[in-house]
Amino acid sequence: MLTWESSVQELQGVGTHRSELLKKLGIMTLGDLLSHYPRGYIDLSSPCGIAEAPYDEVCAVLATVIRKSNEIRLHSGMKLYKVTAADDSGVLELTFFNTKYLVEKLEYDTPYLFYGRAEGSRNRRSMTTPLVYPADSGHPFMAVYPLTAGLTGGMISGLMKRALKLNLRLPEVLPETVRLPHHLIGIKEAVYSIHFPTSLEQLERARRRLIFEELFILAAGIGALKTHTKVCRAAAMQPHSLQPFYDALPFTLTDAQLRAIGDLVNDMQRTIPSNRLIQGDVGSGKTMVAAAGVYFAFLSGAQSAMMAPTELLARQHYEGLAPLCKKLGVKIELLTGSMTAAQKRAVYQRLSHGEVDFCVGTHALLSEGVEFRRLGLVVTDEQHRFGVAQRAALQMKGEHPHTLVMSATPIPRTLALMVYGELDISVIDELPPNRKPVKTYKISSSKRERAFGFIRQHLDRGLQAYIVCPLVEDGEENTGLQAASSYVVELGSSAFSGYTLGLLHGRMKAAEKEKIMAGFKNGEIQILVSTTVVEVGVDVPNAVIMMIENAERFGLSQLHQLRGRVGRGKEQSHCILVSDSRNPDTVSRLQMLCSSNDGFEIAEYDLRTRGPGNFLGHQQHGLPQLRIADLTEDLDLVRDAQAAATQLLSVDPMLEHPESASLRHAVEQLMGQVGERPN
Ligand code: ADP
Ligand code: MG
């Protein structure tokens, strides 16, 4: 019998090839498929007539086919089909490429819905490659799914239909005691309606229920974790002077850094294990605040750990902090996944014997073999890259260590509370003096060649550049967007032939990524073509140009993070935003970035103009990837779900009751994920 856990290959039409493609979308089981929720809907509920179709906007037009042309072969080998549709108000010329079967299937004198961008002039309206739907399909809202090359929305919809027909028993994680008071529909109705809604109201009910469910699972998971890591008392540290630390630095700390250090050191002298977030713009010098805490712990005889999301970042911290540690007598070690087993064992031993004061590392710090003798402070850098569970795991390595997380991404308070529980925030709102602000320009793609020339001039002087693209590879629905993997090839054989280019994206293996980044760091690679994976913490002072393709695709805060990769050395740095968008909001957003270098000001503007959801971008908060909920937009539901979860946990704190089995399973699935983004 087929269940939620059965392989998608059980579905008719899914063989090994297609199942590989589905796997790219994270779909392995029938349950995965059914919870592959649409990212939007095509609204066919109120189509317009031809004459009233808005110009250059995407819309659905109801019309009848009156003429079909013969196939036209183009030089490129493409086949072109022209179809004429009409209604009482006018005529619509439709153009299709290569889709013979689709055109042949169209019947005369039958109404269809054509969905696409309505162009042309008043007397001659036209649409190129519209989507075509029968006028009476009974589906006024067509789901639009996240796709990957080789899979179309139609295929996914077809599979969805087949999977729903199986009438599987769907796991209900929300008990009636939660559903009834919150007016939430059952799981079965919700899943049907999210994929094939028949009305907006029905869709809204389904969304609300599924969002609530996801938030409930998350809140229950975080709650259960907290019970598990329930901390009681930390060993209070004694007051000590940090003067030797300050004296050892080659620069004077900013007032903002000193304030944050003061907060941290206060925390550490109390017996309540503290949880502090250091929020500061890129380049504001967060690492030194952490280092002060490490030194303070050292003076009290406690060890510290600092976890970075990538090997490269961990190595960077290690190399940056080692000279300082040496001066202060702090014994520092590096621990990363790529070290040999023997090397790791040696570090484990020194850690457990207390011969190491400060261990900098990656996820390798979470390995089973790692034991500290007296862990007093745990620092997590760029915290949003880690899963909640991972951070908790590092904390559990110590009795009740103090914790410090560092982030350049401002996080709204409600969200922070959900992620960290009780947490204090220190803000570093000041940059070290003498920084040359990055010069930022917005250009259209017609100026791209000139920008390339500008980049070449810099490369010829021994400097380096980044070029960031929104996608990893060309996808069918993403026409017009630069994809890193094809762009690097194109650039290498045109504008930058003779230069060394490297490609970096999130689908590469960790070791490959490290290799490319190391090549860029040591200057072998002159231009790094990349997706947004470079946005986090990487420090290559010799890279002075950041060019961002399709800049309109990124959130302002994200663009600011990307820009923060340059402007780290003595040379004047430049950030070039390439965008052809003529949308006035987009234009003014990008202009805002050209005129401001202040991350907080930018975040505020972003928050004002786009709302919190977009502002944070996806996956910027260190929580598992959510399928449907948006922690910043669905704030009311966040609160309700959290309250409901707390209530349930008060009765069943570790989700051990049989009634909680579905929920527990869902929690394990969700919390098991890593917080890292796919691109
Ligand atoms: P971020 O907050 O982005 O993590 P870092 O801690 O990496 O920033 O610091 C960026 C650079 O600024 C580092 O090279 C660091 O040594 C330097 N730095 C930190 N504090 C100061 C300061 N007060 N004066 C001058 N340079 C500083
Ligand atoms: Mg940093």
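Each ligand, and each atom within it, is numbered from 1 in the order the structure gives.
- Residue contact annotation: T252 has a non-hydrogen atom under 4.0 Å from ligand 1.
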Side-chain donor-acceptor contacts of residues 321-333 below 3.5 Å, not counting sequence neighbours, with atom names and distances?
| from | atom 1 | to | atom 2 | distance (Å) |
| --- | --- | --- | --- | --- |
| K327 | NZ | A248 | O | 3.0 |
| E333 | OE2 | R350 | NE | 3.1 |
| E333 | OE2 | R350 | NH2 | 2.4 |

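- Applying the side chain to side chain donor-acceptor pair (under 3.5 Å) criterion to S300, with sequence neighbours excluded, gives no partner residue.
- Contact annotation: the side chain of I261 never approaches that of L264 to less than 4.5 Å [non-hydrogen atoms, C-beta and beyond].
- A distance below 6.0 Å separates the ring centres of F520 and Y466.
- The distance criterion of under 3.5 Å between nitrogen or oxygen atoms is not met by M288 with respect to ligand 1.
- In Q257, the part holding a heavy atom less than 4.0 Å from any atom of ligand 1 is the side chain.
- For the pair F251 and ligand 1, the shortest N or O to N or O distance does not fall below 3.5 Å.
- The aromatic rings of F454 and Y441 sit perpendicular, their planes meeting at an angle over 60°, well past the 30° parallel limit.
- Contact between S284 and ligand 1 is present, with at least one heavy atom of the residue lying under 4.0 Å from the ligand.
- Close approach to T287 involves these atoms of ligand 1, each under 4.0 Å from a residue heavy atom: 4 (O), 5 (P), 6 (O), 7 (O).
- No side-chain heavy atom of R276 sits less than 4.5 Å from a side-chain heavy atom of H402.
- The distance from ligand 1 to the heavy atoms of D281 drops below 4.0 Å at these ligand atoms: 2 (O).
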